[in-house]
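Below is one structure, written out as structure tokens, with a few remarks after it.
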Amino acid sequence: MMKKTNCNNNNNYNNNNHNNVGKMGGLEWEMRPGGMLVQKRNLDSNRNYSIPIPTIKVLVKYGSYYHEIHINSHATFGELKKMLAEVTGLQPQDQKLIFKDKERESKSFLDVSGVKDGSKIVLVQDIISQEKRFLESRRNSNMERAMKSVVEVAIEVDQLISQVKAKESVICKGGRVAEKELLTLIELLMSQMIKLDGIVADGEVKLKRKTQVVRIQKYIEILDRLKAQNAMATTRYGGSQVGLVVSQQQQREQRNFSNGLMLTSKWEKY
């Protein structure tokens, strides 16, 4: 019975120690991989801490000016960059913060890096990042213009395709269309193809441009086929028309000849 009681006491002792690892003295703790017990840091800025976090004053040198910034000691260099953007006009992504002759990452914490009240930090403009951002902005602007141009061509092609389908319907039913109308549609589609060829694009815009090129090629081929069908229909209709004209002309000549004979015979009687 005594041994069982000792075991229970030992278990209770271990459980108490385990609970103390999670929370001691009103603070939360965590065990690092190396076995070191450290205070647990919560990145949630909205959490209410039992112990107030001190605000420190740092001096940030930018060019020949010093900016006095009051900031939470547990903040990151990224948060400091946002505050500096308001007073310097320099975007956070264009900033480099140097502390103790070393550039600090935006995710690094001030206190962990050794920043204290009164520490001095140097702000340097990141020219390379600024140029990259400018080029990216310009590229996006060019892509927007290219997309707009492709959309405008697509609208024109839609209208031309409607006309092609109308001509196709007439010819497929045995009707005839003036060859000039078919040639004009081919020329208009080709002009849209030239516009697409002059649009420089990448990614999604390039795919949309290719889609329009394929559409134009398809309907140019359809127009070539319609041209051949239309020519055959014209030949057949033209041949019968010629025969009809000849037949009517022969009938008129015969009537004129008969009338001439009748006039001549009457004249002889007089």
Checking the side chain of [X] only, and the main-chain atoms of [Y] only, is there a donor and an acceptor separated by less than 3.5 Å?
X: Ser191; Y: Leu188; result: yes
X: Ser73; Y: Pro54; result: yes
X: Ser169; Y: Lys165; result: no
X: Thr76; Y: Lys107; result: no
X: Asn230; Y: Val177; result: yes
X: Thr88; Y: Leu90; result: yes

Flag side-chain contact, heavy atom, 4.5 Å: [X] against [Y]:
X: Lys167; Y: Glu181; value: yes
X: Glu136; Y: Arg139; value: yes
X: Lys102; Y: Ile98; value: no
X: Thr55; Y: Asp117; value: no
X: Val213; Y: Met193; value: yes

Report, as yes or no, whether the 6.0 Å neighbourhood of atom [atom1] on [X] holds more than 12 heavy atoms from other residues, nucleotides or ligands.
X: Glu204; atom1: CD; result: no
X: Glu105; atom1: CD; result: no
X: Ile128; atom1: CD1; result: no
X: Glu103; atom1: CD; result: yes

If you take all heavy atoms of [X] and [Y], which pair is closest and at what distance?
X: Val153; Y: Lys195; value: CG2-CB, 4.0 Å
X: Gly114; Y: Ser119; value: O-OG, 4.3 Å
X: Met190; Y: Ile220; value: SD-CD1, 3.3 Å
X: Val170; Y: Arg176; value: CG1-O, 4.0 Å

Nearest 0.5 Å please: distance from the [atom1] atom of [X] over to the [atom2] atom of [Y].
X: Thr184; Y: Gln163; atom1: OG1; atom2: CD; answer: 9.5 Å
X: Lys116; Y: Leu110; atom1: NZ; atom2: CG; answer: 13.5 Å
X: Asp111; Y: His74; atom1: CG; atom2: NE2; answer: 4.5 Å
X: Asp126; Y: Arg133; atom1: CG; atom2: CZ; answer: 10.5 Å
X: Ser106; Y: Leu97; atom1: OG; atom2: CG; answer: 7.5 Å
X: Phe77; Y: Phe99; atom1: CZ; atom2: CZ; answer: 6.5 Å

Exercise for the section: List the steps and the verdict of side-chain hydrogen bond (donor to acceptor under 3.5 Å, both in side chains) for Arg145 and Ser141. Expected result: CA-CA 6 Å; Arg145 285 198 297 270; Ser141 178; 3.2 Å; yes

Quick one: do [X] and [Y] end up in the same hydrophobic cluster if we chain Ile, Leu, Val, Met, Phe, Trp and Tyr together by side-chain heavy atoms under 4.5 Å apart?
X: Val87; Y: Val115; value: yes
X: Val122; Y: Leu59; value: no
X: Val157; Y: Ile155; value: yes
X: Leu80; Y: Tyr65; value: no
X: Val214; Y: Ile216; value: no

Exercise for the section: Might you work through the side-chain hydrogen bond (donor to acceptor under 3.5 Å, both in side chains) test for Gln95 and Gln125, ending with a clear yes or no? Expected result: CA-CA 5 Å; Gln95 298 179 24; Gln125 184 177 3; over 6 Å; no

Exercise for the section: Take Ile69 and Lys57 through the test side-chain contact (heavy atoms from CB on, under 4.5 Å) and record every step on the way to the result. Expected result: CA-CA 6 Å; Ile69 305 295; Lys57 177 185 70 176; over 6 Å; no

Handout entry: Pairs touching residues 208-225 that satisfy side-chain hydrogen bond (donor to acceptor under 3.5 Å, both in side chains), sequence neighbours left out
Key =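 Checked against side-chain hydrogen bond (donor to acceptor under 3.5 Å, both in side chains) - neighbours excluded - the pairs reaching residues 208-225 are Asp158-Arg215, Glu168-Arg225, Gln212-Arg215.
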
Problem - Contacts of Glu156 that satisfy salt bridge (Lys or Arg N to Asp or Glu O under 4.0 Å) - sequence neighbours left out - result: none

Exercise for the section: Let me see the working for Leu160 and Gln192 under side-chain contact (heavy atoms from CB on, under 4.5 Å), right down to the final yes or no. Expected result: CA-CA 10 Å; Leu160 293 172; Gln192 298 303 319; 4.2 Å; yes

